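The structure under discussion appears below in the form of structure tokens.
Values below: every heavy atom of this structure, side chains too, minus hydrogens, waters and symmetry copies. Remember, predicted model here, so these are calculated numbers, not experimental data.
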Amino acid sequence: MAAITLDPCFNPKTNPHEHDQQHGNVIEEIEGLIKVYKDGHVERSHIVPCVATAVAPELGVTSRDVVIDKFTNIWSRFYVPKCHGNDNKLPLLIYFHGGGFCVGSAAWSCYHEFLAKLAAKAGCLIMSVNYRLVPEHPLPAAYEDGLKAVLWLKQQALSQRGANNKWWSRQCDFSRIFLVGDSAGANIAHNVGTRLCNIISDGPCDEQIIISSLIKPLTIKGTILLQPFFGGEARTSSEKYYMVKQPRSALSLAASDTYWRLALPCGANRDHPWCNPLKSASSLRAVWATMVCISEMDILKDRNLEFYCALDHNSNRAGKMKVECVVYKGVGHAFQVLDKSQLSKTRSHEMITHIKDFVNYN
């Protein structure tokens with residue numbers, strides 16, 4: 001296994017005006033998370049700590065970090081549950097973390113805890129991708145990193161007898177791969193699937209067999225989108241309501257707008273297709289079985305429902321893949337990783353069960 005170096009923790013200065021003098025004014029900020037200065041300098045506060053790969057022994061999960069691309073510092077944290085018997089192969093989830101494309105890490109403690117538990121209880125391997133962040137690496141860098149992770153996995157499948165990856169590949173069923181993510185990570189999972197189509201056909205495609213030719217011997221069986229981070233210029237009812245009445249949720253409308261200003265190409269607005277896939281809803285179609293998970297108290301609730309309905313309508317009309325939706329009552333955005341309330345723990349357990357059932361069925 002190749003060694004990696006995680007991003008160093010931000011060390012705040014004692015003089016609060018020192019950065020203003022050195023880098024100019026702050027032009028974008030999400031309080032407690034990120035500051036972007038006029039000269040392009042970026043500061044991220046580590047409100048969530050990064051942790052090593054150690055996992056609670058009772059979970060029976062092995063976790064290690066593996067380099068995908070040393071030149072761009074793309075790496076993944078693997079979670080491998082104990083597998084009994086040589087022939088007991090497990091499905092693999094390629095997971096993309098959230099954070100508005102701007103913050104977050106596969107080493108964040110909240111993701112480490114959630115994914116270790118998911119691997120143990122759902123009985124699957126997980127490859128949690130640490131992709132490049134904006135604004136230093138604007139979109140589509142994160143999508144390119146996601147695609148690179150899929151193609152890297154293809155190479156591992158072709159050489160799975162090698163000693164370097166045997167500790168996880170010998171338990172991996174490469175014919176049962178799922179693209180998964182939460183929030184911005186769900187957006188990445190969706191767009192990675194779209195890019196796989198576009199690479200092959202130079203345009204939208206809806207034939208899974210054609211995609212398989214690119215990534216063979218991998219077979220992607222489905223996509224699981226947890227509170228996918230989409231937007232648009234026109235405000236939805238849930239955005240308007242929660243802009244006034246702030247719920248107990250990790251995402252505010254102001255933060256959402258800031259994330260998109262930092263992530264989208266210069267001059268683009270929130271109706272850009274990376275942000276608002278419903279602007280081309282007629283071509284929105286599920287290539288694989290898809291599950292969309294929605295939080296009732298999330299500003300994204302209406303967008304997620306509209307996305308699901310468009311995806312389901314187009315897929316059923318074309319006689320294609322099954323699309324399903326789950327709504328989690330009484331909880332907000334990213335509750336499964338950022339909210340420690342008893343209700344969120346209950347809903348998180350339900351989510352893990354739904355993911356397990358979806359993976360086993362497909």
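Checked options Leu92, Ile220, Val359; the residue passing with Arg176 is Val359 (criterion: side chain to side chain contact (heavy atoms under 4.5 Å, CB included)).
Going from atom OG1 of Thr236 over to atom NZ of Lys301 covers 9.0 Å, rounded to the nearest 0.5 Å. For the atom pair OH of Tyr308 and SG of Cys293, the computed distance is 12.0 Å after rounding to the nearest 0.5 Å.
The cationic group of Arg64 lies under 6.0 Å from the six-membered ring centre of Trp167 and within 45° of the ring axis, placing it in a cation-pi geometry.
The side-chain heavy atoms of Pro228 and Asn187, taken from C-beta on, include no pair separated by under 4.5 Å. In this structure, Lys89 and Phe174 have side chains that are not in contact, with every pair of non-hydrogen atoms separated by 4.5 Å or more. Counting heavy atoms from C-beta outward, Pro265 and Trp274 have side chains that approach closer than 4.5 Å. By the 4.5 Å heavy-atom criterion applied to side chains, Val48 and Val337 are not counted as neighbours. The closest side-chain heavy-atom distance from Val150 to Leu179 is below 4.5 Å. Between Val134 and Cys102, some side-chain heavy-atom pair lies under the 4.5 Å cut-off. Side-chain atoms of Asp302 and Lys240, non-hydrogen and from C-beta on, never get closer than 4.5 Å to each other. Looking at His97 and Asn130, their side chains come closer than 4.5 Å, going by heavy atoms from C-beta outward.
Below 30°, between 30° and 60°, or above 60°: for Phe101 and Tyr143 the angle between ring planes is above 60°, a perpendicular geometry. Taking the six-membered ring for Trp and thresholds of 30 and 60 degrees, Tyr37 and His41 have ring planes inclined between 30 and 60 degrees apart. Ring geometry, Tyr259 versus Phe229: the interplanar angle exceeds 60°, so the pair is classed perpendicular (tilted spans 30 to 60°). Relative ring orientation between Phe178 and Phe358 is described as perpendicular, the plane-to-plane angle rising above 60° on a 0-90° scale split at 30° and 60°. Below 30°, between 30° and 60°, or above 60°: for Phe230 and Phe307 the angle between ring planes is between 30° and 60°, a tilted geometry.
Residues in residues 254-269 take part in these salt bridge (Lys or Arg N to Asp or Glu O under 4.0 Å) pairs, two or more places apart or across chains: Glu28-Arg261, Arg235-Asp257, Asp257-Arg270. Residues in residues 341-359 take part in these salt bridge (Lys or Arg N to Asp or Glu O under 4.0 Å) pairs, two or more places apart or across chains: Arg347-Glu350.
At distances below 3.5 Å, not a single donor-acceptor pair connects side-chain atoms of Ser45 with backbone N or O atoms of Glu43. Side chain of Ser344 to main chain of Gln336: no donor-acceptor pair is present (N/O by atom type, distance under 3.5 Å, no hydrogens or angles). Remark: the backbone N or O of Gly98 is paired with a side-chain donor or acceptor of Tyr111 at under 3.5 angstrom. Proximity of a side-chain donor or acceptor of Glu239 to a complementary backbone N or O of Ile299 within less than 3.5 Å is not detected. Between the side chain of Lys329 and the backbone N or O of Ser295, no donor-acceptor pair lies under 3.5 Å.
With sequence neighbours excluded, the residues that form a salt bridge (charged side-chain N to carboxylate O under 4.0 Å, His left out) with Glu113 are Lys340.
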Please evaluate residues Tyr328 and Asp298 with respect to the criterion side chain to side chain donor-acceptor pair (under 3.5 Å), reporting the C-alpha separation (whole Å), side-chain torsions for both, the decisive distance (0.1 Å), and the verdict.
CA-CA 10 Å; Tyr328 297 93; Asp298 190 353; over 6 Å; no
Stepwise, does the side-chain contact (heavy atoms from CB on, under 4.5 Å) test hold for Tyr95 with Leu226?
CA-CA 11 Å; Tyr95 194 95; Leu226 313 179; 3.9 Å; yes
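Counting only N and O atoms by type, the side chains of Tyr131 and Glu144 include no donor and acceptor under 3.5 Å apart.
Two different hydrophobic clusters hold Val180 and Tyr361 under the rule that ILVMFWY side chains link at heavy-atom gaps under 4.5 Å.
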